[in-house]
Structures are given as C-alpha cells and as structure tokens.
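In what follows, a structure is listed as structure tokens, so that the remarks can point back to it.
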Number of protein chains: 2
Amino acid sequence: MSEIETMLKESGLKSTKQRRAILEILRKKELPLAAEDVYIELKKQNVPANLSTVYRTLDTMSEHGLIQKFGLMGEGRAYYELFRVVHRHFLVCIGCKKMIPIQGCPLHEYELEIEAKTDYKISGHRLDIYGYCPECASAGKNIE
Amino acid sequence: MSEIETMLKESGLKSTKQRRAILEILRKKELPLAAEDVYIELKKQNVPANLSTVYRTLDTMSEHGLIQKFGLMGEGRAYYELFRVVHRHFLVCIGCKKMIPIQGCPLHEYELEIEAKTDYKISGHRLDIYGYCPECASAGKNIE
DNA sequence: CCCGGAATTGCAAATAGTTTGCATCTGCAT
DNA sequence: ATGCAGATGCAAACTATTTGCAATTCCGGG
C-alpha cells in the first residue's frame, strides 16, 4: 500500500482514484494550490473529476488534518497545501504573486509563550511574508 | 481638520462622508472586520452607504496603505483592519472564530534575516495564531 | 460664493468562488 | 459476490465581490 493510501486509511477516508490523485498532486507541487489549480492538474493527468469533488475532497481532507486551507492577503480564493510536520512559511511577491518557501520557523517558543500567557490551547499558526521579488522590485512595481 | 481627514488628504483621496465613517469604524473597533460588518455598522449609524461603496472604499484604502486586507484560514471572506505602525497579531479561536489581539511581534529580526538571505524587498507579514479559547477547549470542541 | 471637471457613489446586473441536493456509482467489510 | 455507507457527477443555488453607467458630490479656480 502506498504512503498516500496509508494516509487516507489512517484518517478513516476511503481511498478513491480522485483522492489519491489530489493528494499526490499536493505532495508533488512544492507550493500551495487553489482548488481550480488542482482541478486543472487532474484534467491534465486525465483523472476524471468534477470541480465539486475537488472542493469536497479538499475540505474533507482539511477537516481530517491531511491538508491545510488558508487565504492570502488580497486574494479572493482559498489555497491548500499538504500538512507537513516540519512546516514552512512562504515569501509572497506582492507584484507577481509568486510564492517561495522559506526554511525554518522562528515561532515555536513564541507559541509556548502565548499559550502560557492566554490560557488558549494553541494548535498552530499561519505566517506569510510579503514583499517584492528582485524582478518586480527592479521593474519598479514597489514604487507607490 | 480631523486626524482622519488628514489621513485621507495625505493619501490623495477625497474626504467623503462614507470614507470618513468607514475609517472611523475601523479605528474604533479593535478587531478586523469583514466588508459586511462595516456596512452594517454604517447602517446602524445612519450613514447612507451602499455595499459596493464599502467594497470599493476598502479596496482603495488598501491600495493607498491606509488599511490592510487579509484572509483567515478556512473563512470565505476578506477582513480589513486599519494599518497600524505598531502592528499586532491575532489569536483566532478555531471553535468560535473569536479573535483577540496579541501584543508584540517577534518577527522584525526574522524579516531582516530573510531579506538578507533572499534578495527580496520585504514589506511586511501576516501572522495569525490558531487555537482554542478556554471556553471552546473545555466544551471539548478540540477533540477530534 | 459659484462652477466645472474629476472623483465618488448608488443601483442593478454580472462574475468568481464555493456549496448543496439528489441520483448514481464505488470501495470495502462481510 | 453482495450490500450499504460513503464518494462522485451534475446542475442549480449561494455568498462574496466586482463592474458599468448614470447621478451625485467634492474641491480648486475664478
């Protein structure tokens, strides 16, 4: 049984062609994808699938903790990425929207600190860094 | 001229009743608001305004750097808050969606580090911490 | 103070993203 | 192999947001 099938089974989800393909797509891409990107990729791979199924699958998997769903500053749609134990953050270019992953996360101690200070049970965080990539910066896109 | 009128003028925006009211609302609330929340608040205050105007105003003001627009994990709509020089982050309850502000931000050095490492021109970041508030935690909403 | 042009607003209609109802199909335990 | 709970496809509904256009308002110059 493949690693992906194991993930599904352990979450109590049926292992279907579409689910395996979607998880595989999220695993291979190193960047977060919108539902439609996943759908397009499925089509490219000739996996029969409907956009509703993609949405439903992504939601179900989020609920089961296999993937994470989030929104980006000023973007009108949701992005999804595989849940990773060693989590990463992204550097998002305000000019061209390109995202690149950043290694390392400086927030573990901070979370503990907050937890102690607030009585909340912290489960995680989302951090995105915004800026201009070298190309957009030199193209003057950051002049306001 | 009020502080708010100055903000508008300095950004090159006309000072209209709706804009002043919207800025005032965002300034008074200590939490981020969705467009509709702003609209409802305007109605409450008997400020004549249309939902499109609210959206347009919020967008224009984001572009001019007066406010910030962002998305929350798993929420289908955008939130807006006044831009603050001393910025804050929020602790968001996964159970009841309540947000509370957290004082202090541990990321300034981290940004410099990233800037040095990547050649990007960093302009800021968005950090939200997710967890369960004491009420939701004891109500067992975090058991999966 | 009044006027004109440009910016802003209201309204209604369009769009984008996402969700849902229901009939059909499929994976998996027996 | 068989049955049924869970998954999918399709079309229609919904929610959040955007847009075109005509009417209105702001603001600088006369």
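Below, each value reflects all heavy atoms present in this structure, side chains not excepted, and no hydrogens, waters or symmetry copies. The sequence lines fix the lettering, A, B, ..., with proteins before strands; numbering per chain opens at 1.
When distances are taken from the side chain of B:E36 to each of C:dT9, D:dA16, D:dC27, the shortest belongs to D:dA16. Residue B:T16 has its side chain nearest to C:dT8 when only C:dT8, D:dC10, C:dT18 are considered. Listed nucleotides C:dT9, D:dT17, C:dT18 differ in distance to A:Y55; the shortest reach to its side chain belongs to C:dT18. Which of C:dT19, C:dT26, C:dT9 sits closest to the side chain of A:K14 comes down to C:dT26.
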Between the protein and nucleotides 12-14 of chain C, list every N/O to N/O distance that falls short of 3.5 Å.
| from | atom 1 | to | atom 2 | distance (Å) |
| --- | --- | --- | --- | --- |
| C:dA12 | N6 | B:S52 | OG | 3.1 |

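Considering every non-hydrogen atom in both A:P106 and A:E109, the closest pair reads O-OE1, 4.1 Å. Summarising the geometry of A:A21 relative to A:L42, their closest heavy-atom pair is CB-CD2, 3.6 Å, with the distance given to 0.1 Å.
Here B:R19 lies in heavy-atom contact (under 4.0 Å) with sugar-phosphate atoms only. Within 4.0 Å of B:S15, counting heavy atoms only, lie sugar-phosphate atoms of the nucleic acid but no base atom. Using a 4.0 Å heavy-atom cutoff across all strands shown, B:A34 reaches no nucleic acid atom at all.
Summarising the geometry, the separation between CG on A:D37 and C1' on C:dG17 is reported as 13 Å, rounded to the nearest angstrom. Protein atom CG of B:L51 is 13 Å distant from nucleotide atom P of C:dT9, rounded to whole Å. Here the C1' atom of nucleotide C:dA29 and the NZ atom of A:K9 are 10 Å apart, to the nearest Å. One can place CZ of B:R20 at 13 Å from P of C:dT8, the figure rounded to the nearest angstrom. Regarding B:Y39, its OH atom lies at a distance of 13 Å from the C1' atom of C:dT9, rounded to whole Å. Rounded to a whole Å, the CD atom of A:E75 is 9 Å from the P atom of C:dG17. Between A:M61 atom CE and D:dA7 atom P there is a gap of 10 Å when expressed in whole angstrom units. Computed from coordinates, the A:K69 NZ to C:dT18 P distance equals 7 Å when rounded to whole Å.
By the 4.0 Å N-to-carboxylate-O rule, A:E135 lies close enough to A:K98 to be salt-bridged with it. Between A:E3 and A:R27, at least one side-chain nitrogen of the basic residue sits less than 4.0 Å from a carboxylate oxygen of the acidic one, meeting the salt-bridge criterion. Electrostatic pairing of B:D59 and B:K69 counts as a salt bridge here, judged by a charged N lying under 4.0 Å from a carboxylate O.
Between A:Q18 and the phosphate of C:dT26, there is no side-chain N or O to OP1/OP2 separation shorter than 4.0 Å. OP1 or OP2 of D:dA7 has not a single side-chain nitrogen or oxygen of A:T60 nearer than 4.0 Å.
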Applying side-chain contact (heavy atoms from CB on, under 4.5 Å), run through A:L13 and A:R19 and close with a yes or a no.
CA-CA 9 Å; A:L13 297 172; A:R19 286 179 177 174; 3.6 Å; yes

Take B:T6 and B:E10 through the test side-chain contact (heavy atoms from CB on, under 4.5 Å) and record every step on the way to the result.
CA-CA 6 Å; B:T6 311; B:E10 284 180 355; 3.6 Å; yes

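Between B:K17 and A:G12, the one whose closest nucleotide on DNA chain D sits nearer the 5' end is A:G12.
A:H125 and A:H108 form no side-chain donor-acceptor contact under 3.5 Å, judged by distance and modelled atom types alone.
For C:dG17, its base never sits under 3.5 Å from the side chain of B:R77 at any donor and acceptor pair.
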